[in-house]
Amino acid sequence: MEMEKLVSLCKRRGFLFQSSEIYGGINGFWDYGPLGVELKRNVKEAWWRDMVTGHDDLSVADGAPETHSMVGLDCAIIMHPQVWKVSGHYDLFHDYMIDCRQSNKRYRHDQVLGRWVKRGDQRAFVTSMAGESVEDDLQQKALKLFRLRAKNVDELSWDGPVASLTTVDDFSQVLGPDAKELGTLTEPREFNLMYETHTGAMRDEKSKVFLRPETAQGIFVNFKNVLDSTRLKIPFGIAQIGKSFRNEITPRNFTFRSREFEQMEIEFFCHPDSSADWYKYWRDRRFRWYTDLGLAGERLRLRDHDPSELSHYSTGTADIEYAFPFFAEGEYGELEGVAHRGDFDLRSHSEGKLDPNTNPLEVEKDEHGQPRWRGSGKDLSYRDEVNNEKYIPHVIEPSAGADRATLAFLCEAYTEDEAPDDKGNMKTRTVLKLHPRLAPIKAAVFPLVKKDGMPEVAKQIYRDLKPHMNVFYDQKGAIGRRYRRQDEAGTPYCITVDGQTLEDETVTIRDRDSLEQWRVKVDEVVVEIQGRLSQ
RNA sequence: GCGGGUGUAGCUCAAUGGUAGAGCGACAGCCUUCCAAGCUGACGACGAGGGUUCGAUUCCCUUCACCCGCUCCA
């Protein structure tokens with residue numbers, strides 16, 4: 001499937017528009033049109049119903065270690081700035097970046113390592129991104145820079161230890177990691193991946209706040225509130241759907257990487273001893289959610305992170321990925337990450353930001369030995385009244401992208417097949433084979449022709465269906481054209497009033513995918529359609 | 001942020017330094033008894049801003065957006 005065709009259809013039929021299009025558009029932002037908003041709402045409502053309101057607290061779910069509860073939350077986009085300092089986003093999202101004018105490569109300022117080297121009266125700071133073999137790499141580069149052979153390595157004299165580029169002020173003596181000559185690096189420039197704004201009318205450093213880059217932290221900081229207000233017992237999950245914002249360096253690939261996007265996140269709190277089992281449960285359950293809604297093909301996969309990719313406090317992370325058409329063959333894009341996060345988040349918000357590189361986890365300290373970012377100081381542990389046990393729960397985090405899921409469902413649904421026209425010639429038909437739960441319009445009602453009392457019967461069927469679902473009525477033009485329009489919108493069923501209706505009070509129902517038609521009594525249409533939609 | 005490409009009607013495309021054209025779609029009407037049929041009619045565009053020019057959609061500059069490749073992707 002070519003992506004341009006889907007993008008074109010999305011625009012033409014009102015699924016997706018570029019934001020602020022009449023002003024030339026704005027990079028990284030997208031608007032959902034009349035059909036798109038229904039589709040995305042259906043995705044979110046399916047998630048909310050399947051994860052939260054439809055969840056059975058009393059039964060042990062398939063694959064689950066025991067019963068569990070699910071509740072929802074909806075918190076503010078703007079939170080106390082300390083939330084983002086303790087969560088680690090402030091440090092991670094505030095990078096200084098260096099560009100190389102010669103190689104056109106970009107580096108994190110603090111990640112470029114190098115060492116001063118002299119040969120005669122020439123002096124340079126040679127750099128490398130080589131990681132573990134950095135010293136060898138630096139020597140190679142120094143030899144090359146001074147046009148020396150390996151046997152003349154003695155002519156090099158090193159000045160000081162390997163150090164970060166942050167220790168260097170004058171870049172004119174710096175050899176970039178991929179450069180062939182000195183002084184090709186730009187001055188460090190600040191990259192803010194979190195959007196900033198201000199609270200109150202005063203616009204100064206003290207009033208600075210951030211638009212959240214993820215919804216998860218709102219759940220962590222409300223953990224105690226939820227516990228105190230609900231009589232919930234562990235294990236339970238808190239779910240939230242909401243907008244998040246990241247000032248991505250390169251928004252790309254339609255809505256896949258947007259700067260404003262919507263997340264569907266769960267933080268699931270459990271006892272540390274059962275956390276590995278719960279992780280497996282959520283990983284498999286979330287994967288199944290996508291397959292149940294139609295991403296059943298080979299383009300969807302569950303990828304377990306390699307143990308070497310994991311933080312030591314995590315016993316597992318898996319990505320649910322989809323092979324979007326705009327990726328190269330064999331490449332996948334993340335729809336959802338399911339992560340075992342241990343007690344990292346709750347402890348950080350209690351004790352202060354933990355250093356993820358420590359084991360066991362310790363609070364990250366600044367140069368004065370003080371906590372780098374102070375936590376709330378509140379006790380975020382859980383007390384098990386039955387076993388009289390007190391502990392900090394472990395967290396399983398299934399974090400999904402609502403826009404990415406919506407886009408994946410669209411990509412998967414887009415189909416071109418052949419269908420005959422009224423003369424029997426085969427014509428290309430464009431159809432969105434969306435799962436009925438996700439389809440923006442559930443059914444369309446047509447009179448075969450605009451006379452003989454057919455519109456009146458059809459309008460009544462429309463009115464009968466409307467209280468139950470989104471239905472569309474159309475009496476204009478040829479019947480075939482009306483069917484094709486609904487195919488493009490992904491409407492699963494079309495109901496047609498014809499001449500026979502006037503004799504025996506039956507109508508035809510047409511299936512979008514098979515093009516099959518069958519007759520149903522007029523007063524059984526609602527039950528028939530409802531029954532098929534709930535399958 | 002870099003390099004390359006592309007911006008003309010809702011969509012797909014055409015032409016032109018001198019009033020911008022088509023197909024499809026959408027709309028109105030006629031006709032139509034099951035898969036984008038036919039006839040008629042009306043609507044509808046040069047991404048934005050500057051410059052050169054008597055005159056710019058066309059040439060130049062800037063900018064914005066999209067696509068491809070790099071980079072980035074906690």
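Only this structure's heavy atoms are used, side chains among them; waters, hydrogens and symmetry mates stay out. Small disclaimer: the values here were computed from a predicted structure and weren't measured. First the proteins, then the strands, lettered A, B, ... as listed; each starts at 1.
Side-chain atoms of Q18(A) stay outside donor-acceptor range of the base of rC66(B), with no qualifying N/O pair under 3.5 Å. Remark: the R510(A) side chain and the rC35(B) base include a donor-acceptor N/O pair separated by less than 3.5 Å. You won't find any donor-acceptor pair under 3.5 Å spanning the side chain of Q486(A) and the base of rA36(B), going by distance alone. No hydrogens or angles were tested; on distance alone, a donor-acceptor pair under 3.5 Å links the side chain of T508(A) to the base of rC34(B). Residue-to-nucleotide contacts include no donor-acceptor pair under 3.5 Å from the side chain of Y23(A) to the base of rC64(B).
Contact annotation: K450(A) does not reach the phosphate of rU32(B) (side-chain N/O to OP1 or OP2, under 4.0 Å). A close approach under 4.0 Å does occur between a side-chain nitrogen or oxygen of N27(A) and OP1 or OP2 of rC66(B). Taking side-chain N and O atoms only, K451(A) has a distance below 4.0 Å to OP1 or OP2 of rU32(B).
Distance noted for atom C1' between rA20(B) and rC46(B): 8 Å (whole Å). For rU53(B) and rG1(B), the C1' atoms lie 37 Å apart once the distance is rounded to whole Å. Taking the C1' atom of each, rA22(B) and rA45(B) are spaced 13 Å apart, rounded to whole Å. The C1' atoms of rG10(B) and rC2(B) are separated by 35 Å, rounded to the nearest whole Å. Across the C1' atoms, rA42(B) and rA26(B) are found 12 Å apart, a figure rounded to whole Å. Annotation: rG44(B) and rC27(B) have their C1' atoms spaced 11 Å apart (nearest Å). As rounded to the nearest Å, rG25(B) and rA65(B) have P atoms that lie 34 Å from one another. Taking atom P in both rU19(B) and rU57(B), the straight-line distance is 11 Å, to the nearest Å.
Considering only the side chain of K11(A), rG10(B) comes nearest among rC35(B), rU32(B), rG10(B). Nearest nucleotide to the N253(A) side chain, out of rC68(B), rC35(B), rC34(B): rC68(B). In the set rC35(B), rU12(B), rC34(B), rC34(B) carries the atom at the smallest distance from any side-chain atom of L448(A). In this structure, of rC70(B), rA28(B), rC34(B), it is rC70(B) that holds the atom nearest to the side chain of T250(A). The side chain of R484(A) lies closest to rA36(B), out of rC66(B), rA36(B), rC34(B).
Residue pairs satisfying the salt bridge (charged side-chain N to carboxylate O under 4.0 Å, His left out) criterion with at least one member in residues 323-337 of chain A, sequence neighbours excluded, are listed as follows: R286(A)-E336(A). Within the structure, no pair that satisfies the side chain to side chain donor-acceptor pair (under 3.5 Å) test touches residues 442-454 of chain A, not counting sequence neighbours. Listed by first and then second residue, the salt bridge (charged side-chain N to carboxylate O under 4.0 Å, His left out) pairs that reach into residues 475-494 of chain A are R12(A)-E488(A), R13(A)-E488(A), R429(A)-D487(A), D474(A)-R485(A), D487(A)-R510(A), sequence neighbours excluded.
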Can you pull every protein N or O that's under 3.5 Å from an N or O on nucleotides 21-26 of chain B?
unit_1, atom_1, unit_2, atom_2, d
rG25(B), OP1, R481(A), NH1, 3.1
rA26(B), OP1, R485(A), NH1, 2.0
rA26(B), OP2, R481(A), NH1, 3.1

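Using a 3.5 Å distance cut-off with no hydrogens or angles, the side chains of T317(A) and H340(A) do not pair a donor with an acceptor. For the 3.5 Å distance criterion, the side chains of E416(A) and T428(A) fail to qualify, holding no donor opposite an acceptor. For the residue pair S399(A) / E265(A), a side-chain donor-acceptor distance below 3.5 Å is found, with atom types taken as modelled.
Here the two rings, on F256(A) and F327(A), have centers that are under 6.0 Å apart. Aromatic rings from Y195(A) and F210(A) are positioned such that their centres are separated by 6.0 Å or more.
Here R252(A) lies in heavy-atom contact (under 4.0 Å) with a base. Using a 4.0 Å heavy-atom distance criterion, D452(A) is classed as a base contact. In this structure, L9(A) reaches neither bases nor backbone, as no heavy-atom distance under 4.0 Å exists between it and the strands shown. Residue F254(A) is classed as a sugar-phosphate contact, given heavy-atom separations below 4.0 Å to backbone atoms only. Nucleic acid contact for T496(A): base, since at least one base atom lies under 4.0 Å from a heavy atom of the residue. Contact annotation for E488(A): base contact, defined as any heavy-atom pair under 4.0 Å involving a base atom.
Although no hydrogens or angles enter the test, the distance criterion places no donor-acceptor pair under 3.5 Å between the side chain of R512(A) and the main chain of Y493(A).
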Legend entry - 5'-to-3' dot-bracket of RNA chain B (Watson-Crick, G-U; under 3.5 angstrom; crossing pairs as [ ]; | other strand): (((((((..((((....[..))))..((((.......)))).....(((((..]....))))))))))))....
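For F254(A), the ring pair (Phe, Tyr, Trp, His ring centres under 6.0 Å) partners are W30(A), not counting sequence neighbours.
Y313(A) and F344(A) have parallel rings, their planes meeting at less than 30° on a 0 to 90° scale where 60° marks the start of perpendicular.
Counting to the nearest Å, the C1' atom of rC66(B) and the CZ atom of R259(A) are 14 Å from each other.
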